[in-house]
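Order of the sequence lines fixes the chain letters, A, B, ..., with proteins taken first and strands second; residue numbering starts at 1 for each chain.
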Amino acid sequence: MTETLPSYLSALNPEQREAVLHEEKSLLILAGAGSGKTRVITTKIAYLIRERGIDPRSILAVTFTNKAAREMAERAAAIESRAAYAMLRTFHSFGAWFLRRYARLAGLNPSFTIYDDDDMASLLSSICGEKSKADIKLLSHQISRAKDYFISPDDPEIKIINYKKEFQTIYKRYEERLAEIGNADFGDLIKKPVEILRNNPDVAAEIRGRFRVVMIDEYQDTNIAQFTLLKELCGADAYVCVVGDDDQSIYRFRGAEVRNILEFPERFPHTDIIRLERNYRSTAPILRVASSVVDNNKGRLGKTLTAERGGGKTPVLAFLPNQDEEAHFAASLIERYFADARSDTKRAADKQSPVKKYSDWAILYRTNAQSLGFETELLRRHIPYRVVGSLKFYEREEIKDALALLSFLANPRDEVSFRRVVNKPARGLGDVAVGRVITEAAGGDLFAAARRTAPILSAKARSGLQSFTEAVDAGRAVLANFALWDDPTDGAALADAAMDLFEDADDGASPQTEKAGRKSRKKASPAPDAAANMPTTNAPAVSGNKKTKDAAQPSLRSGEGLSVCVVTLVQSAGLAAYHLTHDEIAGNQRIANLQELANAASLYPATGAGLIEFLEHIDLDRSMEEQNATDGEGVDSVTLITLHNTKGLEFKRVIITGVEQGVFPRDDKKDDDLEEERRLFYVGATRAMDELYFTCCAARRMFGQTALMEPSLFLSEIDKSALRVIGQPPYGFSARPAAGAFQHSTSQRGVASRKRGRQSGDEDSAGDSSTGTFWKMGDRVFSDDNGYGFVTEIRPHATGPIVVVLFDTGKEMSFLSRHQSSKITKISGEDHDG
DNA sequence: TAATCGATCTTTTTT
DNA sequence: AGATCGATTA
């Protein structure tokens, strides 16, 4: 039978193939890490279209990240080009698509914009201004959670989130204000579609008629609202296929419910379950380490991943004195990788060894803040890197300002954006004047209200308000088809017209032409100042030589499409001048950032719909992947990334950093939260294909102070023989110890030194009686010629031990201890005391 | 009304 | 250490 199958199917293993060919009612695929689940999904999409004659437009596949969605679309289309017509989106992007389409039914204008967490907080503080910032943050978090659980203000279940009556009141008020403004928050993108489906049987019928196949990836991370949406989306005869891994559920904190995957068979009757337990990604030693940690979790379905790959190196655990050494160590590993490559090529130039790339490497950390040290070090060594998922660009003041202007242009009822920019730069508008405009608007069009209010204000406020409205007017003037939004109260015709504009590739236009059009526009648009893109975080190769040249006269250039609008708005509002004069040091950089935003906008048409599309894209996908990638995959670079963000990715070599108690796991974690951190460990470790490293620091600067750290609990859960330990383990450390404390000796003069436990790895050390030096793997050394380095190998030799040192420069040298040890000085490690 | 200085807290993780 | 917030001052 196999030979009758097309090659894309026969290439699958039996379980994968079974999953692809399955076609009864519902399917739950329990897919371990690296078991080829993306391959299964994409192949299944292709198979359904090609072999089963399913209309691609009736397929909906949902993922969690934009990156995953893009990858899925690419891979499916590579097998079967018609897959481009299928709807492959993130949950939120699908929600936004749906909500625009049926906006009216939720009382929204189809041109609504999306409020992020910050906007949410701003709105909340305008509702209850007396609250502290922390309280506001908590409230917005709880409202988000409520929406994740599909709980409305009046739902009695609201007590689960917050039992106080006050919370209910505020939540309710928040919903009213948001409705007045006419925007949606993240939760609404899921919750409102459900409500529309429930309240409008005709819409439900239409949607259910359309989507015959629904697939969901990373199902273990869905929340209740998303589950509810799935239920509403699927008609009685829809085919539902979900893929997930309970061991990789890491988003409980934002409402993910592992129950969804555990109870899926009950919720969807006649479910078949297929397990994918063959891991194709990692070598066995890596899987062993990953499993030994997650095995300590209680609440799991339990599965056994088996490595399909033989051999493999033992993962390395490096004990290091502090953060700086950690960054040194990571950078050195990467440099050595390439140093090896150079010597390799001489010896075995004809051997077909794969090309070594920076992108083979990823440095993982628990919190975004940890990236800084690595950035500094990589920058210093001219190792190109990119920081994944760093929101920094959109968190910049000038970018937020510009986006607020655009948002206000898109929705003149947007009070949050209005407040942000109406008096920025200072136009002499104080609380009084702004308050008057808002009162006048009475929840309606603030732009119109501003014009009406201006005449009755003081001369100063009047001219300020006028200059603001003129700026907005100027921005509006460069947009075509803007009339649509002039009167948001104009009902059906408006929505219908808007819907045409927002209509996606699915109805009518071929997705290929659409995408091609988009692409070519992107290509055509110059990608100047790619360096300016992520100023603090970009690769060193592109640091700003070009910028300094025109630093004398920085000005915004408008390019194609919507960039005209961005530039016009920012210029005429005086934002560019404001930031330039306000911040003499960073001013030019700010202009460059604004320029970058304008460049991104040039991919969109200069129309009202283009504006909405642009804003939606920014709200739903802040990864900067697209903008960053100048051509194809972009510059080859090391990946710096949070553990959470690595989900679904893989790298040849992975360094998991900061594996210390208090950092990973955070020390306030226990029980369920601790189990989630364990899963996070599992996710991180299983990203590695060939080599895996852990780093654990004895001391770490936190809050401006140096704190002594203990090794992570997780390290102690790993079988000692599964790791190769280098550096100085703290006294008493051994993997899998009798439960007990790790203890540190106190640090001395900034460099914490640790007494080595007697029991650990004596085969990796050697004393040299002639010099009185005791060498050990991982010892930190210094040489006048080569700077700092680590002892990476100790070999016995007739005339005494040979010590191999990897210097931070990447250079590796061997020293015959007896004769040459004077060239290298041990600066930390085993003290000479016993 | 805006800018500046000190006090205070910070770090999860993300669509 | 760095951001952020509030109070004080110009």
Side-chain angles (χ1 to χ4, degrees), chain A residues 62-69 89-96 114-118 120-121 125 131-134 136-137 141 144-145 147-148 184-191 218 221-223 225-226 249-256 323 364-373 376 388-392 394-397 423-434 458 460-461 464 536 578 582-583 616-623 641-648 658 662-669 673-674 676-677 679-681 683-684 700-707:
Chain A
V62 180
T63 64
F64 265 81
T65 65
N66 294 283
K67 195 171 184 177
R89 286 175 180 253
T90 65
F91 252 116
H92 289 90
S93 151
F94 173 74
I114 299 163
Y115 269 178
D116 64 17
D117 291 358
D118 280 340
M120 219 174 149
S125 53
K131 290 250 189 280
S132 77
K133 185 142 192 189
I136 295 287
K137 236 177 122 185
H141 179 256
S144 295
R145 281 305 72 73
K147 293 193 177 187
D148 287 343
D185 60 23
F186 272 95
D188 287 341
L189 296 179
I190 310 297
K191 188 166 172 272
E218 307 285 9
D221 283 324
T222 51
N223 59 37
Q226 287 162 337
S249 170
I250 54 174
Y251 284 109
R252 220 172 70 98
F253 70 91
R254 68 169 208 219
Q323 265 172 316
L364 277 49
Y365 37 79
R366 178 65 231 276
T367 62
N368 280 306
Q370 287 165 258
S371 74
L372 206 69
T376 315
V388 171
S390 151
L391 310 175
K392 281 175 191 157
Y394 294 104
E395 279 172 357
R396 289 167 188 282
E397 185 188 352
N423 196 34
K424 191 169 187 178
R427 297 186 177 90
L429 294 160
D431 285 344
V432 182
V434 174
S458 70
K460 192 172 70 170
T536 60
Y578 170 86
H582 252 243
D583 198 335
E616 175 175 316
H617 176 88
I618 285 172
D619 273 316
L620 296 184
D621 183 7
R622 303 193 148 183
S623 66
I641 190 168
T642 61
L643 284 150
H644 279 88
N645 258 324
T646 61
K647 197 166 68 161
V663 175
F664 184 31
R666 290 180 55 83
D667 49 8
D668 52 352
K669 292 291 158 92
D673 284 339
L674 186 62
E676 175 140 319
E677 298 266 311
R679 293 192 289 267
L680 192 56
F681 184 99
V683 168
R700 181 173 290 276
R701 278 189 308 278
M702 287 172 112
F703 307 136
Q705 274 196 315
T706 303

Taking 5.5 Å and 30° as the limits, would you call A:F64 and the base of B:dT15 a stacked pair? no
Rounded to whole Å, NE2 of A:H141 lies from P of B:dT13 at a distance of 12 Å
Partners meeting side chain to side chain donor-acceptor pair (under 3.5 Å) with A:D188 (sequence neighbours left out): A:K147
Base, sugar-phosphate or nothing for A:N645? Non-hydrogen atoms, less than 4.0 Å. sugar-phosphate
Quick tally for nucleotides 2-10 of chain C: nucleotides whose base has a protein heavy atom under 4.0 Å get B, sugar-phosphate-only ones S, the rest -, giving --SS-----
Tell me every residue that passes side chain to side chain donor-acceptor pair (under 3.5 Å) with A:R254, counting only those two or more places apart in sequence or in another chain. none
Contacts of A:F703 meeting side-chain contact (heavy atoms from CB on, under 4.5 Å) (sequence neighbours excluded), chain-then-number -> none
Quick one: A:D148 CG to B:dT14 P, roughly how many Å, whole number? 15 Å
For A:R700, which residues count as a side chain to side chain donor-acceptor pair (under 3.5 Å) partner, sequence neighbours excluded? A:E326, A:E660
Can you list everything that forms a side chain to side chain donor-acceptor pair (under 3.5 Å) with A:T367? Sequence neighbours excluded, please. A:Q370
What is the per-nucleotide protein-contact pattern of nucleotides 3-11 of chain B, from the 5' end, where B denotes a base atom under 4.0 Å from a protein heavy atom, S denotes such proximity for sugar-phosphate atoms only, and - denotes neither? S------BB
With A:F186, which residues qualify under ring-ring contact (aromatic ring centres under 6.0 Å, His included), at least two apart? A:H92
Output yes when at least one side-chain N/O atom of A:N368 is less than 4.0 Å from OP1 or OP2 of B:dT14, else no. yes
I need the minimum non-hydrogen distance between A:G684 and A:T646, along with the two atoms involved. CA-OG1, 4.5 Å
In whole Å, what is the span from the OH atom of A:Y115 to the C1' atom of B:dT15? 18 Å
Please tell me which of A:I250 and A:A426 maps to the more 5' nucleotide of DNA chain B, matching each residue to the nucleotide holding its nearest heavy atom. A:A426
Residues in side-chain contact (heavy atoms from CB on, under 4.5 Å) contact with A:A121, at least two apart in sequence or another chain: A:I136
